[in-house]
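Chain letters run A, B, ... following the sequence lines, proteins first and then strands; every chain starts at 1. Keep in mind it's a predicted model, so treat the numbers as computed, not measured.
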Protein chains: 2
Amino acid sequence: MKQAANTAANSIPPAALGRLTRYLAHVQELMRQGAEWVSSATLARALGLTSSTVRQDLTHITFSGISKRGYRVKGLERALSEVLGADRSWEVVVVGAGNLGRALALHEDFTRRGIHICGIFDNDRAVVGQRVGGLTVGGMQTLRRTVRKHGAAMGIIAVPAAAAQEVADALVAAGVKGLLNLTLTHIATPPGVPVIDSRIAAGLQELSHAIRNA
Amino acid sequence: MKQAANTAANSIPPAALGRLTRYLAHVQELMRQGAEWVSSATLARALGLTSSTVRQDLTHITFSGISKRGYRVKGLERALSEVLGADRSWEVVVVGAGNLGRALALHEDFTRRGIHICGIFDNDRAVVGQRVGGLTVGGMQTLRRTVRKHGAAMGIIAVPAAAAQEVADALVAAGVKGLLNLTLTHIATPPGVPVIDSRIAAGLQELSHAIRNA
DNA sequence: TAGATTGTTAATCGATTAACAATC
DNA sequence: TAGATTGTTAATCGATTAACAATC
């Protein structure tokens, strides 16, 4: 009897998961171009990987290639979408209505990817009540209500670093299941609540190092 | 004779480099709080790591702790700043004057970290000429001139995915030495030009996966 | 001094790559 | 069929953790 692939028990290694998002983006582009098949070697070349890595990574999704042909683009796209939650839409709240928070609330790339921002919040009285696209900035005391009402699963932390942990706590208390952290601060959460760091500022620092030591 | 630490030849492993930015952020916070000393165990607890990892990572910078005391906060901050280029300022250009590009151009957290945005560019006629804080959005044909004039070392790609590679090529041609990519697209560059992906959209997809499989 | 904490070595663990039999 | 490409196994490489002697 074969083992069921990809259950909670045998989950995807972090390194592979990070690449699946890149495969999905590229395969969606291939689909727009009308490609029907793609090989591990072609994918690898396009993304700066080895074909071996690509094949290994794709063993973690419930989809198989075909010897001699490669992977059917449409099926691959569907399988990757499913595993990355891109096959449905997600309700997301943003905390922090500064430049970055407002930009994300308006980001069209999110809309296209099924990310629906259902609320934006700030603790600054001067900002609460302002319009951001179709939304009105709410006070922090209204966060929980919005999260419950829309079933928001994710929260984006777009506040100054000093307030980041406090906002994370409020988001978790309000009921979100995962956090995207835009600050440079480390965020602690209860077990089972994943945090992903966006690494914008950190990325520039890593670049500084790489450039200086080039 | 001891070997010189940390020359171009024995550069910092990527995994460690990624954590150095987190140490720096935390150590700067400790400095604001007036702490004089910090141990590997304390740092580890604050950042969700093991003390072993912290000590290993810190062997890559030219700074030593002291048995029984730990690391002097001030010296550690200085050493980390130096290796991450946070001890000087960097000129950076942004391409793409949409919501996200404008938000980054105005991002105060950058200013505080020595990131100076010296230009913002777009190929949309309707946007060129608009003011963004103290800057005016320039056309793409003016990119090279600005990069040269300010000695901009980094470029931020904040355009739609479809234009990302083209913009990357233009930035490299204009003379920047490293790129921060805000899109989900893989960016190819000539050898020696590092690219760092900010993974905002990718991060949300990884979260989707983690939440669904929780 | 005694005890705490570093720096370092060795062991473990995980990720990547190479190689190749299976196969369409 | 012959050839190309997958899926998988084994080998290599790198990252993390454990352990402990050195030391302030």
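Applying the salt bridge (charged side-chain N to carboxylate O under 4.0 Å, His left out) criterion to B:Glu91, with sequence neighbours excluded, gives no partner residue. Applying the salt bridge (charged side-chain N to carboxylate O under 4.0 Å, His left out) rule to A:Arg88 yields no partners; only residues at least two apart in sequence or on another chain are considered. Residues passing the salt bridge (charged side-chain N to carboxylate O under 4.0 Å, His left out) test with B:Arg212 are A:Glu82, A:Asp87, sequence neighbours excluded.
Whole-Å rounding puts the B:Arg72 CZ to C:dT5 P distance at 16 Å. B:Leu43 has its CG atom 15 Å from the C1' atom of C:dG7, to the nearest Å. Regarding A:Ile12, its CD1 atom lies at a distance of 16 Å from the P atom of C:dG14, rounded to whole Å. The distance from atom CG of B:Leu17 to atom C1' of D:dG14 is 15 Å, rounded to the nearest whole Å. Atom P of nucleotide C:dG14 and atom NE2 of A:His60 are separated by 12 Å, given to the nearest angstrom.
Counting only residues at least two apart or in different chains, ring pair (Phe, Tyr, Trp, His ring centres under 6.0 Å) contacts with residues 17-44 of chain B are absent. For residues 155-166 of chain A, the pairs satisfying side-chain hydrogen bond (donor to acceptor under 3.5 Å, both in side chains) are A:Gln165-A:Asp169, with sequence neighbours left out. Judged as a ring pair (Phe, Tyr, Trp, His ring centres under 6.0 Å), not a single pair has a partner in residues 151-199 of chain B (not counting sequence neighbours).
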Strictly under 3.5 Å: I want the nitrogen or oxygen pairs between protein and nucleotides 16-21 of chain C, one per line.
residue: C:dT16; atom: OP1; partner: A:Arg19; partner atom: NH1; Å: 2.8
residue: C:dT16; atom: OP2; partner: A:Arg19; partner atom: NH1; Å: 3.2
residue: C:dT16; atom: OP2; partner: A:Arg19; partner atom: NH2; Å: 2.6
residue: C:dT17; atom: OP2; partner: A:Thr50; partner atom: OG1; Å: 3.2
residue: C:dT17; atom: OP2; partner: A:Thr53; partner atom: OG1; Å: 2.8
residue: C:dT17; atom: O4; partner: A:Gln56; partner atom: NE2; Å: 2.8
residue: C:dA18; atom: N7; partner: A:Ser52; partner atom: OG; Å: 2.7
residue: C:dA18; atom: N6; partner: A:Ser52; partner atom: OG; Å: 3.3
residue: C:dA19; atom: N6; partner: A:Arg55; partner atom: NH2; Å: 3.2

Identify all pairs in which a protein N or O lies below 3.5 Å from an N or O of nucleotides 22-24 of chain C, and state each distance.
residue: C:dT23; atom: O2; partner: A:Ser67; partner atom: OG; Å: 3.4

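The structure places CG of A:Asn181 at 11.0 Å from CD1 of A:Ile156, a figure rounded to the nearest 0.5 Å. Rounding to the nearest 0.5 angstrom, the gap separating the CG atom in A:Asn99 from the CG atom in B:Leu106 is 4.5 Å.
For the pair B:Arg22 (side chain) and B:Leu47 (backbone), a donor-acceptor distance under 3.5 Å is present. B:Asp197 places no side-chain N or O within donor-acceptor distance of the main-chain N or O of B:Arg199, the cut-off being under 3.5 Å. The backbone N or O of A:Asp57 sits nowhere less than 3.5 Å from a side-chain atom of A:Arg19 that would complete a donor-acceptor pair. Judged by distance alone, with hydrogens and angles left aside, the side-chain atoms of A:Lys149 form no donor-acceptor pair with the main-chain N or O of A:Val147 at under 3.5 Å.
Of the residues in residues 30-41 of chain B, those placing a heavy atom less than 4.0 Å from an atom of DNA chain C are B:Ser39, B:Ser40, in numerical order. Non-hydrogen atoms lying under 4.0 Å from DNA chain D are contributed by nothing in residues 184-192 of chain A.
End-to-end axis angle for the helix from C:dG3-D:dC24 to C:dC24-D:dG3, using five pairs per end and rounding to 10°, comes out at 10°.
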Side chain to side chain contact (heavy atoms under 4.5 Å, CB included) assessment of A:Leu182 paired with A:Leu104: CA-CA 11 Å; A:Leu182 298 179; A:Leu104 291 179; 3.2 Å; yes

Side chain to side chain contact (heavy atoms under 4.5 Å, CB included) assessment of A:His209 paired with A:Glu206: CA-CA 5 Å; A:His209 172 79; A:Glu206 287 179 46; 5.7 Å; no

May I have the list of side-chain donor-acceptor pairs in residues 72-80 of chain B shorter than 3.5 Å, sequence neighbours left out?
residue: B:Arg72; atom: NH1; partner: B:Glu36; partner atom: OE1; Å: 3.4
residue: B:Glu77; atom: OE2; partner: B:Gln28; partner atom: NE2; Å: 3.0
residue: B:Glu77; atom: OE2; partner: B:Ser81; partner atom: OG; Å: 3.1

